[in-house]
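Every chain is numbered from 1, with letters handed out A, B, ... down the list of sequences. Side chains included, hydrogens not; waters and symmetry mates left out as well; all remaining heavy atoms used.
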4 protein chains.
Amino acid sequence: MYSKFLNLDSEKQDRIVNAAMKEFAQKGYDLASTNQIVKEAGISKGLLFHYFKNKKQLYLFLFDYCYSMIVGEFYHKVDLSEKDFFKRTSEAIMIKMELMTSYPDLFKFMEEALLEESLEVKAELEKKRKEFIDINMEKFFEGIDYTKFRDDVNLPIMLKIITFTFEKLSDETLFKAKLAPGHEINYEEVRLEAEEYLKVLKRSFYK
Amino acid sequence: MYSKFLNLDSEKQDRIVNAAMKEFAQKGYDLASTNQIVKEAGISKGLLFHYFKNKKQLYLFLFDYCYSMIVGEFYHKVDLSEKDFFKRTSEAIMIKMELMTSYPDLFKFMEEALLEESLEVKAELEKKRKEFIDINMEKFFEGIDYTKFRDDVNLPIMLKIITFTFEKLSDETLFKAKLAPGHEINYEEVRLEAEEYLKVLKRSFYK
Amino acid sequence: MYSKFLNLDSEKQDRIVNAAMKEFAQKGYDLASTNQIVKEAGISKGLLFHYFKNKKQLYLFLFDYCYSMIVGEFYHKVDLSEKDFFKRTSEAIMIKMELMTSYPDLFKFMEEALLEESLEVKAELEKKRKEFIDINMEKFFEGIDYTKFRDDVNLPIMLKIITFTFEKLSDETLFKAKLAPGHEINYEEVRLEAEEYLKVLKRSFYK
Amino acid sequence: MYSKFLNLDSEKQDRIVNAAMKEFAQKGYDLASTNQIVKEAGISKGLLFHYFKNKKQLYLFLFDYCYSMIVGEFYHKVDLSEKDFFKRTSEAIMIKMELMTSYPDLFKFMEEALLEESLEVKAELEKKRKEFIDINMEKFFEGIDYTKFRDDVNLPIMLKIITFTFEKLSDETLFKAKLAPGHEINYEEVRLEAEEYLKVLKRSFYK
DNA sequence: TATGAATGAGCTTTCATTCAT
DNA sequence: TATGAATGAAAGCTCATTCAT
């Protein structure tokens with residue numbers, strides 16, 4: 001499918017992928033300009049369409065590309081032998097934040113892609129999103145020891161609340177980093193804050 | 001700022017506001033067409049730009065307009081003498097749902113606006129969103145009886161977790177609605193789900 | 001349908017019509033460039049699409065416009081009280097040649113339109129062509145005195161042969177004129193040549 | 001000129017010729033895509049332009065190629081010892097129809113080429129058409145017995161009328177075929193129609 | 001001989017916005 | 001206050017042709 005593109009020397013591949021990710025992440029599917037992409041990548045108009053038959057195929061290729069990168073890196077780092085839900089979640093959030101710092105464009109693109117509304121790609125994306133979520137949910141929750149949770153309330157809802165909490169916390173951290181001058185994240189501080197939340201959630205949700 | 005527009009007879013104001021809300025809600029900021037808005041409102045191209053100097057001003061006006069409507073109606077209905085946090089939250093959710101049923105276009109527009117990513121308006125919207133949340137948080141938490149919460153964990157963190165939970169829940173609802181074919185929200189289902197969360201949080205966080 | 005365009009001052013209308021006719025006649029539907037048309041007409045890109053919603057509508061408008069002009073002028077000049085088929089045909093060919101000399105672009109466009117193959121306009125044109133031919137055949141043959149023709153051969157075929165002959169003669173004349181330096185037609189010479197053909201056909205096909 | 005191409009093994013030559021004929025016949029000169037031709041022929045882009053320096057040369061080569069094929073086959077079959085003009089004409093029509101049935105793509109291409117209007121090739125084609133007609137006229141009229149024609153009218157004009165008639169008839173046939181959905185010519189019907197014309201012309205123009 | 005990556009001008013159409021009336 | 005004609009930049013994509021390998 002994308003064999004022509006994948007046979008390119010990887011330096012040019014990177015230039016194209018990065019230019020496209022940046023443009024799509026910034027403007028969304030519909031408003032992203034293939035003109036801008038080729039200018040940024042330093043290639044000709046025709047060449048982009050030689051590799052990807054149209055804007056849509058380019059976008060969907062990028063989605064798959066980013067997805068593989070993220071998932072690969074993530075599961076390479078996460079410790080699935082940790083059975084405690086709080087600890088695993090907390091660790092996952094930290095890893096996610098590290099990855100976002102290492103590959104900011106890639107994550108930016110992925111986040112926007114998950115919100116993308118354009119009719120042109122909505123149907124295809126939806127399928128991919130579903131797969132993404134199903135596969136990763138299952139994988140992430142694998143081996144968790146649920147017996148530690150209190151029995152008098154709904155377990156799935158507790159799990160959701162915990163997930164929500166750490167996601168919001170991560171959002172807040174990244175948002176603050178964005179506003180700060182050097183965009184620097186103080187990971188130690190973040191870890192300490194997360195510990196506070198962990199303590200509250202554990203005392204409230206564990207037996 | 002918008003005095004010229006506000007001096008119009010209200011029937012024409014309504015036609016314009018409704019046409020614009022509908023177009024922006026359906027297509028998002030960037031893809032919304034001022035052509036379509038004037039056609040739907042039955043006014044001339046020039047007139048729209050006479051009242052609002054450009055597309056952006058029109059959009060931001062609509063945001064403020066909807067915001068005022070919603071907040072005004074909301075605090076008119078909510079009972080701030082209710083001291084129990086969970087009861088007040090539960091009631092607030094009910095009121096929000098009533099309003100969504102009464103003013104569907106207005107909420108539709110507002111929901112899209114809160115997810116709007118267009119660079120052109122993102123910065124201004126972000127400021128407005130923040131204000132919106134800060135002002136309402138403070139107001140909403142006024143007079144709450146915090147003595148009912150358990151003493152062995154950090155209170156502000158519990159409140160944050162609760163807030164995070166309902167924000168995420170609301171995001172999820174909007175997101176699901178966006179993905180669903182008709183973009184329809186089943187309010188009763190939402191209310192029931194919220195009650196489940198409330199129950200878990202109450203049992204876990206109250207003494 | 002084309003009311004916006006028809007309300008323009010006629011000088012601008014003419015500029016647009018002439019530019020479009022020229023471009024379509026020269027290059028055919030598919031290859032005609034709206035860029036070229038607006039440049040030649042001295043108007044902006046957007047304006048053309050303000051008057052005609054797309055290239056196709058512009059083309060079909062031109063077809064109707066040319067058709068009306070040609071048919072109107074033709075029947076204004078042709079003498080339908082002449083009952084002799086040879087004389088009427090001969091006269092008609094002369095009138096056609098005069099008109100072609102007066103309105104060369106219009107005829108050029110019409111000829112090309114009748115051969116136009118582009119899928120985009122083929123269906124609509126076909127309907128118009130059929131109407132055009134049916135209406136004009138009937139009108140042109142009206143009142144002819146067929147009793148003068150010999151009875152031992154097929155009449156419709158004789159009529160066709162006569163029509164073919166004068167059409168080819170006219171084609172040859174116009175083609176020669178095109179090749180000649182001043183593009184001038186010597187009508188007297190043409191008339192004399194036509195008379196020679198008339199003589200042969202009359203002696204062979206009349207009783 | 002095309003020596004490089006003609007030295008190719010004939011299987012590849014055929015693949016290229018057939019692919020090109022098909023594409024040009026289907027879409028006309030301007031819209032035919034060299035991309036499509038190389039894909040269909042299974043050769044690379046560069047190779048096509050190695051053999052034929054550009055699209056135009058390829059087209060004109062095809063015209064000559066088809067012309068030679070057709071003319072060669074035609075005079076191989078036609079009986080030039082038949083002195084009667086109408087019999088020879090009638091036989092020629094039969095042979096043409098046989099050839100059209102044996103080499104449908106070749107004729108399809110040729111028919112389209114004779115109607116081709118593209119500016120890019122029009123001039124060259126026009127010259128070739130003229131040559132084609134002149135050469136064949138002379139050859140075709142060779143040895144005809146003109147004593148059978150009536151003496152009371154101008155012989156060259158009669159011959160012209162006959163030629164005009166069959167040319168127009170052929171044009172009409174091609175034109176109708178072009179308009180018809182499947183572009184199919186019913187050869188038997190054409191032959192019958194031609195016989196009718198022959199009958200009329202014979203009775204009118206012979207003594 | 002053969003490849004296919006690379007070019008960039010060209011295509012139609014839409015857009016927010018201006019301005020003379 | 002109200003009109004809508006007018007603008008021209010920008011969009012995604014295709015094209016014949018070239019050229020280093």
Hey, does A:Asn18 have a side-chain heavy atom less than 4.5 Å from the side chain of A:Glu40?
-> no
Watson-Crick and G-U pairing of DNA chain E, under 3.5 Å, as dot-bracket with | and [ ] | .||||||||||||||||||||
Starting from [atom2] on [N], measure out to [atom1] on [X] and report it in whole angstrom.
X: C:His50; N: F:dT7; atom1: NE2; atom2: P; value: 11 Å
X: A:Asp9; N: E:dG4; atom1: CG; atom2: P; value: 17 Å
X: A:Gln13; N: E:dA5; atom1: CD; atom2: P; value: 12 Å
X: A:Phe52; N: F:dG12; atom1: CZ; atom2: P; value: 15 Å
X: A:Tyr59; N: F:dC13; atom1: OH; atom2: C1'; value: 20 Å
X: A:Asp30; N: E:dT13; atom1: CG; atom2: P; value: 19 Å
X: D:Lys39; N: F:dA16; atom1: NZ; atom2: C1'; value: 16 Å
X: C:Gln36; N: E:dA9; atom1: CD; atom2: C1'; value: 14 Å

Heavy-atom count around D:Lys22 NZ within 6.0 Å, excluding the residue itself: above 12?
-> no
Euclidean distance, C:Gln26 CD relative to C:Leu31 CG, rounded to 0.5 Å = 11.5 Å
Hey, could you give me the NZ/OG distance between C:Lys39 and C:Ser44, rounded to the nearest 0.5 Å?
-> 14.5 Å
Sort me out a list of protein N/O and nucleotides 17-21 of chain E N/O pairs below 3.5 Å, or just none if empty.
from: E:dT17; atom 1: OP2; to: B:Lys55; atom 2: N; distance (Å): 2.6
from: E:dT17; atom 1: O4; to: B:Lys45; atom 2: NZ; distance (Å): 2.9

Between C:Phe109 and C:Tyr67, does the ring centroid distance fall short of 6.0 Å?
-> no
Are D:Phe61 and D:Phe52 close enough that their ring centres sit under 6.0 Å apart?
-> yes
Audit row: B:Tyr65, B:Phe5, ring-ring contact (aromatic ring centres under 6.0 Å, His included) steps and yes/no | CA-CA 12 Å; B:Tyr65 176 91; B:Phe5 178 71; 8.1 Å; no
Regarding [X], tell me which of base, sugar-phosphate or nothing describes its non-hydrogen contacts under 4.0 Å with the strands shown.
X: D:Tyr51; result: sugar-phosphate
X: A:Lys27; result: nothing
X: D:Leu48; result: nothing

Comparing B:Lys4 and D:Ser33 on DNA chain F - which has the more 5′ nearest nucleotide = B:Lys4
Closest to the 5' end of DNA chain E, once C:Tyr29 and B:Leu31 are matched to their nearest nucleotides, is C:Tyr29
Output yes when D:Lys127 and D:Glu131 qualify as a salt bridge under the 4.0 Å nitrogen-oxygen rule, no when they do not.
-> no
Partner set under ring pair (Phe, Tyr, Trp, His ring centres under 6.0 Å) for C:Phe63, not counting sequence neighbours | none
